[in-house]
Amino acid sequence: MTKSKSNRLSPLWSLTLARLREFYRKPEAVFWVYFFPILMVVALGVAFRNKPIEQITVDVEDSPQSANWIRALELDSRVLVSSFDSTTCRKRLRTGQSDLYITPGEELGSVSYVFDPTRPGSIVAKDLANRLIQSAAGRTDPVAVNIQEFAEPGSRYIDFLIPGLLGMGLMGGGLWGVGFAVVDMRIRKLLKRFLATPMKKSHFLVGIMTSRLFFMVPEIILLIVFSWLFFDVRVYGNWFAIVFLVLLGAVEFSGIGLLVASRARTLESVSGLMNLVMLPMWTLSGIFFSYDRFPEAVQPVIKLLPLTPLIDALRKVMLEGVTLAMLVPELLIMSCWAAACFVVALKIFRWTD
Amino acid sequence: MSSKSLAISCEGVTKTYPGKPPVKAVQGVDLQIQRGECFGVLGPNGAGKTTTIEILEGLLPPTAGSVHILGMDWRTHEADIRQRIGVSLQETQLSDRLSVAETLSLFRSFYNDGLTLNESLQQVSLTDKASAWVKNLSGGQKQRLSVACAVVGNPDLLFLDEPTTGLDPSSRRQIWDIVRSFREQEKTVMITTHYMEEAERLCDRVAIFDQGRVIALGTPNELIASLGAEHVIEFTVNDDPSRPLPYDWLQELPTVEQVDIHHGEIRMTAGESHTVLGPLFEQLDRRGLALTSLTTRHASLEDVFVQLTGRQLNEAARKSTTTEAPTMEAL
């Protein structure tokens, strides 16, 4: 038997390659990683696309003066006016069937508005109805105005949403991808088998993280290109900065995935742990809406969560064209998470059962 | 003998798992295995074979005792030892969606020196399966791949934990061939099995384990010779099970050493079977008994185990020795 040194690949590259092959040979995994985020963008993009307010429903309570007001309101084609008794009007407002109801006052020339101050549509309806009624009654505007409609890409909800979904994809992909793969290998005793070889433990963990980078970059590019083609979402910043953030995010979340999976013995326990880890970030880190809505006191905590700096940085680069040099705090928080999780995972990792 | 010249040397190895009561899986095992030896670890399931071999493989820390592999200590030379040993575990499921060649080159990448891909494929006769995915291999092919992953680093010492359990006879024979060709290179093998006749065929020396201890140690021939009688005669008769007849007279038959009666099956060890059989038939005839079955065979390690413990090795192993004996005899 001859000995050979030439025929040997680097162990780190071999481990990475093995993970990549296993991934691409599982069609269902490819679907969840690559197409599910796109489906999500389509669904949310369609549901939350910004459209001009098309119709405002206003009810006028039955009364001898109603006809006057109804005529005034109908001058604006966006207003749909109906007339009901007071009980019905109140019920329709409460159940969201109307945006506003108007009760003509006791005396001529007075009117009361009933609206819901928490509903944007209701507030708009009140102001519009008031303007129509006031001008019908003879009010004139002292200032001449010139109105332009503004709908530039970058200002819409979909523009806000895409960086959030990128971040969510990186988080989910890192945790599920790494977590399940590791626990599956532990159950198959493959980790124990690797432990019985001279393989370096750090090579194994780095190999898993590196393979995530290879999976994630195409996913993110696919998602950005898709949202550009279908929703005209633009990237104002530097593409290099985006790729860098995506890579750092992939490393960060695969590190967290390794840590979450470092001790778990069953798929049930690892999925429970992953949901526990992801839940606060789904709600707090600003995927779907800005975390400014949460109380001032918890803002510093939110900003330290692993996902928040990633989404913030992606938004700043994509929407505001900010450069990486201005994102040092975000990059620092992400790097700390990645390094800390990797080190702790390497230390507490369970190789045997 | 200095521990330098030994492939494996362990003293007082003990493994106790905490619990109520604590489980004493291994209770003081001493082994000294020469370089170039094929050493078998035998025993029923739960005898402590796997725990012992995993301690020797450095996968489990012993509760007490010392272990030296190729003259080195796990605590100080783990990386060096790992480069020079090959391990096949009992229940590893290799990645389903990697091919045979990809799996081997992954394992090869961990070792500084080793075989080429073609050499390792040839060793386990999987050359024509090189590009097949692991999940499409048969049980025997998977097991050969698992052994190939253990030899791909060209180790000096090979640990195989029950490599043939659950395999059909021809797959078992292929595993044996791999072990033999490895032996021919003057390398050391430690193999665990609960098939006694596998150990008899493959191993230079065997240790029989029971309840966490070594209850017998020696070459297969020495152990069989220690029975004092090399033939085994097993038979059953048509007597009434509710009124079993006395069988003291069996002990008086020529060259008979030992008689065991187990669930109506009578088992005798004897120096010469042909001198026993004539008088046995005569006596049965005189007592009005007829044989319902009769087997005679050479004594095996199985019989050593039965003699030492008073128990059969286990149902599964026992079945396989009786049903597969003709196939093995033909080899």
Query raised in the report: Where on B:E57 is there a heavy atom nearer than 4.5 Å to chain A: the side chain, the backbone, both, or neither?
Result: neither
Nearest 0.5 Å, what's the [atom1]-[atom2] distance between [X] and [Y]?
{"X": "B:L106", "Y": "A:W13", "atom1": "CG", "atom2": "CH2", "result": "12.5 Å"}
{"X": "B:F107", "Y": "A:S14", "atom1": "CZ", "atom2": "OG", "result": "11.0 Å"}
{"X": "A:K192", "Y": "B:Q90", "atom1": "NZ", "atom2": "CD", "result": "8.5 Å"}
{"X": "A:L195", "Y": "B:E78", "atom1": "CG", "atom2": "CD", "result": "7.0 Å"}
{"X": "B:S109", "Y": "A:H203", "atom1": "OG", "atom2": "NE2", "result": "9.5 Å"}
{"X": "B:S105", "Y": "A:L9", "atom1": "OG", "atom2": "CG", "result": "5.5 Å"}

Report task. For the pair A:R188 (side chain) and B:L94 (backbone), establish whether a donor and an acceptor sit closer than 3.5 Å, ignoring hydrogens and angles. Result -> yes
Report task. Start with the C-alpha gap between B:E102 and A:R21, add the side-chain angles, then the distance that decides, and say whether side-chain contact (heavy atoms from CB on, under 4.5 Å) holds. Result -> CA-CA 10 Å; B:E102 288 160 358; A:R21 284 177 170 142; 3.3 Å; yes
For [X] versus [Y], what's the shortest heavy-atom pair and its separation?
{"X": "A:E22", "Y": "B:R97", "result": "O-CD, 4.2 Å"}
{"X": "B:L59", "Y": "A:T352", "result": "O-CG2, 4.0 Å"}
{"X": "B:F110", "Y": "A:P11", "result": "CD2-CB, 4.0 Å"}

More than 12 heavy atoms of other residues, nucleotides or ligands under 6.0 Å from [atom1] of [X]: yes or no?
{"X": "B:K142", "atom1": "NZ", "answer": "yes"}
{"X": "B:E186", "atom1": "CD", "answer": "no"}
{"X": "A:F23", "atom1": "CZ", "answer": "yes"}
{"X": "A:F35", "atom1": "CZ", "answer": "no"}
{"X": "B:E11", "atom1": "CD", "answer": "no"}
{"X": "A:W282", "atom1": "CH2", "answer": "yes"}

Query raised in the report: Taking NZ, NE, NH1 and NH2 as the nitrogens, is one of them in A:K26 or B:D96 under 4.0 Å from a carboxylate oxygen of the other?
Result: no
Requested in this report: Among A:R193, A:M199, A:K189, single out the residue with the greatest number of heavy-atom pairs under 4.5 Å to chain B.
Outcome: A:R193
Requested in this report: Identify which part of A:T197 has an atom lying under 4.5 Å from any heavy atom of chain B, answering side chain, backbone, both or neither.
Outcome: both
